[in-house]
Undergrad: 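Supplied in structure tokens, the structure appears directly below.
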Protein chains: 2
Amino acid sequence: MKTRPYHHGDLRTALLTRAEQTLRDKGPAALSLRELARDIGVSHAAPSRHFKDKQALLDALALDGFDRFLGALTAARESGDAFADRLGAVARAYVGFATDNAALLELMYSAKHEPGASKELIACSQRLAALATGLVEEGQRRDEVRPGPVEDIMLPVMAAIHGFATLAANGTLPAEEVERGLGATIAFALRGCAA
Amino acid sequence: MKTRPYHHGDLRTALLTRAEQTLRDKGPAALSLRELARDIGVSHAAPSRHFKDKQALLDALALDGFDRFLGALTAARESGDAFADRLGAVARAYVGFATDNAALLELMYSAKHEPGASKELIACSQRLAALATGLVEEGQRRDEVRPGPVEDIMLPVMAAIHGFATLAANGTLPAEEVERGLGATIAFALRGCAA
DNA sequence: ACCTGAACACCGTTCAAGT
DNA sequence: ACCTGAACACCGTTCAAGT
């Protein structure tokens, strides 16, 4: 057997990993620092060496989620050449992440607009806005999206995708209707963008 | 001075009123049954006579919110005759409620998809869907909305309105940009619906 | 019928002390 | 540097007992 490193080794990572697991399995309400510490096998006070309080751990979790989320969206943005393909791929990536990480996404959005939201979290939010803006502008340059102020197009498109993603993720829309609804939402968005 | 009725009088109502106040002022995390009881001046065990547990109080709060929300939307649905006017009024009512009752709306949506969500809460959710469906169908009958399966139009429209409302309510979209963004979102939705 | 007081099993956070 | 143990001030929930 491997000898365990001094004390725990990497408690910080262990806490984050376990916390995300719990978030996924039992929801955000069931996330307790003391239980996390118990599960990992350290004292209840140990986490405070790595996270100054519970919110700091939640913020780290949210930041981690945003990184993966933005990674997925950025990759999707390069799918094909046409605006329609790129928008469709981004929408699918967005909704896919939302349904696969419902609790985490909720945490990401609530952490972001907490009073003392970290600069990194705000930066993530801006990167997301920049991605959407860039996508629409590119579509306009290709004459595949009608002209006019980008915000007036980008905002409704993101609202539709984000709104659909939350409806799909929280179960308002039954799982078996998600695929069709997503197709309809993408088609609807493209209609609204059409030149 | 008025003599106070036996014991408290109407503890149930007092709890709900105070809880909504706290929700509005300090957010859902700050909502504690014991503090509520303290503020009102009863023992910490008293609330249990009226709400079997904390979730029951939250459900009652959510139900109350849904009633007002549906009332506002139902009224808006009768604004003018044209589909464009009605959709615009519903969207404005939706976003208005969301920005005026951000924490409550969040509670309404999370209470609704809690494991043991009450029948009444689910019924509210269905009334909302029925309202949106009726609006679109009416537009189709008037030839102001393109033909096709209602769900394929209703769902994207609701996603856009709901998505915009959450972006506006949680501060992702700065308050001074809400009015313009709302106009753009309504215009975008109408474009997507156009016959 | 409605409420109280005490009790139980949890929390998050802090801080001296250990290794 | 990293963790422990005890302490503090909170929770939600339950239940006998009071009026």
Side-chain angles (χ1 to χ4, degrees), chain A residues 2-23 25-63 103 107 110-111 114-118, chain B residues 2-23 25-63 103 107 110-111 114-118:
Chain A
K2 284 192 188 139
T3 45
R4 222 169 47 168
Y6 181 51
H7 279 147
H8 179 272
D10 195 354
L11 182 54
R12 197 192 132 91
T13 307
L15 284 166
L16 286 175
T17 307
R18 182 86 204 188
E20 193 178 339
Q21 193 63 242
T22 304
L23 193 62
D25 296 345
K26 305 194 285 182
L31 206 59
S32 129
L33 283 181
R34 287 180 102 114
E35 189 177 5
L36 240 39
R38 238 179 281 129
D39 290 348
I40 292 175
V42 294
S43 86
H44 64 261
S48 74
R49 286 291 133 181
H50 301 278
F51 301 102
K52 88 173 221 295
D53 57 20
K54 191 180 181 180
Q55 190 59 50
L57 184 145
L58 296 180
D59 285 355
L61 226 39
L63 201 58
L107 184 70
S110 68
E114 206 71 10
S118 73
Chain B
K2 284 193 189 139
T3 47
R4 222 168 48 166
Y6 182 50
H7 279 147
H8 180 272
D10 195 354
L11 182 53
R12 196 192 133 93
T13 307
L15 285 165
L16 286 174
T17 306
R18 182 87 204 187
E20 193 179 340
Q21 193 64 243
T22 303
L23 194 62
D25 296 345
K26 306 194 283 183
L31 206 58
S32 130
L33 284 181
R34 287 180 101 113
E35 189 177 5
L36 239 39
R38 237 179 281 128
D39 290 347
I40 291 175
V42 294
S43 85
H44 64 261
S48 73
R49 286 290 133 182
H50 302 278
F51 301 102
K52 88 173 221 295
D53 57 20
K54 192 180 182 180
Q55 189 59 50
L57 184 145
L58 297 180
D59 285 355
L61 226 39
L63 200 58
L107 184 69
S110 69
E114 206 70 9
S118 74

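A note on names: the letters A, B, ... follow the listed sequences, proteins ahead of strands, and every chain is numbered from 1. Values below: all heavy atoms of this structure, side chains included; hydrogens, waters and symmetry mates excluded.
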Undergrad: May I have the distance from L31(A) (atom CG) to dC10(C) (atom C1'), rounded to whole angstrom?
TA: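 Rounded to whole Å, this separation is 15 Å.
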
Undergrad: Nearest whole Å is fine: how far is dT13(D) P from K52(B) NZ?
TA: 8 Å

Undergrad: Pick base, sugar-phosphate or nothing for R38(B), based on heavy-atom distances below 4.0 Å to the nucleic acid.
TA: sugar-phosphate

Undergrad: Kindly say whether, by distance alone, the side chain of R49(B) makes a donor-acceptor pair under 3.5 Å with the base of dT4(C)?
TA: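 Under the 3.5 Å cut-off, the side chain and the base do not form any donor-acceptor pair.
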
Undergrad: Round to a whole Å and report the spacing from CZ of F51(A) to P of dT14(C).
TA: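 Spelled out: CZ on F51(A) to P on dT14(C) is 16 Å.
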
Undergrad: If you look at every strand shown and take non-hydrogen atoms under 4.0 Å, does H50(A) touch a base, only sugar-phosphate, or nothing?
TA: sugar-phosphate

Undergrad: Working to the nearest 0.5 Å, report the span between NE2 of H50(B) and CG of L11(B).
TA: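 Nearest 0.5 Å value for the NE2-CG distance: 4.0 Å.
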
Undergrad: I need the CG-C1' distance between D53(A) and dC11(C), as an integer number of Å.
TA: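 One finds 14 Å between C1' of dC11(C) and CG of D53(A), rounded.
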
Undergrad: Starting at CG of D10(B) and ending at C1' of dC3(C), how long is that distance when rounded to a whole Å?
TA: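 So the CG-C1' distance, D10(B) to dC3(C), works out to 15 Å.
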
Undergrad: I want to verify a distance call: between dA7(C), dT4(D), dG12(C), whose nearest atom is closest to the K54(A) side chain?
TA: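 The answer is dG12(C).
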
Undergrad: Taking the minimum atom-to-atom distance to the side chain of S32(A), which one of dG12(C), dC11(D), dC3(D) wins?
TA: dG12(C)

Undergrad: I'd like to know if K26(B) and E35(B) make a salt bridge, using a cut-off of under 4.0 Å between side-chain N and carboxylate O.
TA: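 Looking at E35(B) together with K26(B), the answer is yes, because their closest N to O distance falls below 4.0 Å.
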
Undergrad: What is the distance, to the nearest angstrom, from the CD1 atom on I40(B) to the C1' atom on dC2(C)?
TA: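 Checked: the CD1 to C1' distance equals 15 Å.
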
Undergrad: Counting side-chain heavy atoms from CB outward, which of dT13(D), dT13(C), dC3(D) is closest to A46(A)?
TA: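 Among the listed nucleotides, the one closest to the side chain of A46(A) is dC3(D).
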
Undergrad: Identify, between E35(A) and S43(B), the residue whose nearest nucleotide on DNA chain C lies closer to the 5' end.
TA: S43(B)

Undergrad: Could you check which of dA6(C), dA7(D), dG12(C) has an atom nearest any side-chain atom of H44(B)?
TA: dA6(C)

Undergrad: Once you round it to whole Å, what is the distance between P of dC11(D) and CG of L58(B)?
TA: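 So the two atoms are 15 Å apart, to the nearest Å.
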
Undergrad: P28(A) and L23(A): which non-hydrogen atoms are nearest, and at how many Å?
TA: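 Heavy atoms only, the tightest pair is CA-CD1, 3.5 Å.
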
Undergrad: Has K52(A) got a side-chain atom pairing as donor or acceptor with L57(A)'s backbone, closer than 3.5 angstrom?
TA: no

Undergrad: To check you understand the geometry: which heavy-atom pair defines the closest contact between L31(B) and K54(B), and what is its length?
TA: O-NZ, 2.8 Å

Undergrad: Closest nucleotide of DNA chain C for L11(B) versus for L33(A): which of these residues is on the 5' side?
TA: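 Between the two, 5'-proximity favours L11(B).
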
Undergrad: DNA chain D: S48(A) or R34(A), which has the more 5' nearest nucleotide?
TA: S48(A)

Undergrad: Which one is paired to dA1(C), where only Watson-Crick or G-U wobble pairs with both distances under 3.5 angstrom count?
TA: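 Per the H-bond distance test, dT19(D).
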
Undergrad: In the structure shown, which nucleotide is the Watson-Crick or G-U wobble counterpart of dT14(D), with both distances under 3.5 Å?
TA: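 Matched dT14(D) with dA6(C) under the 3.5 Å cut-off.
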
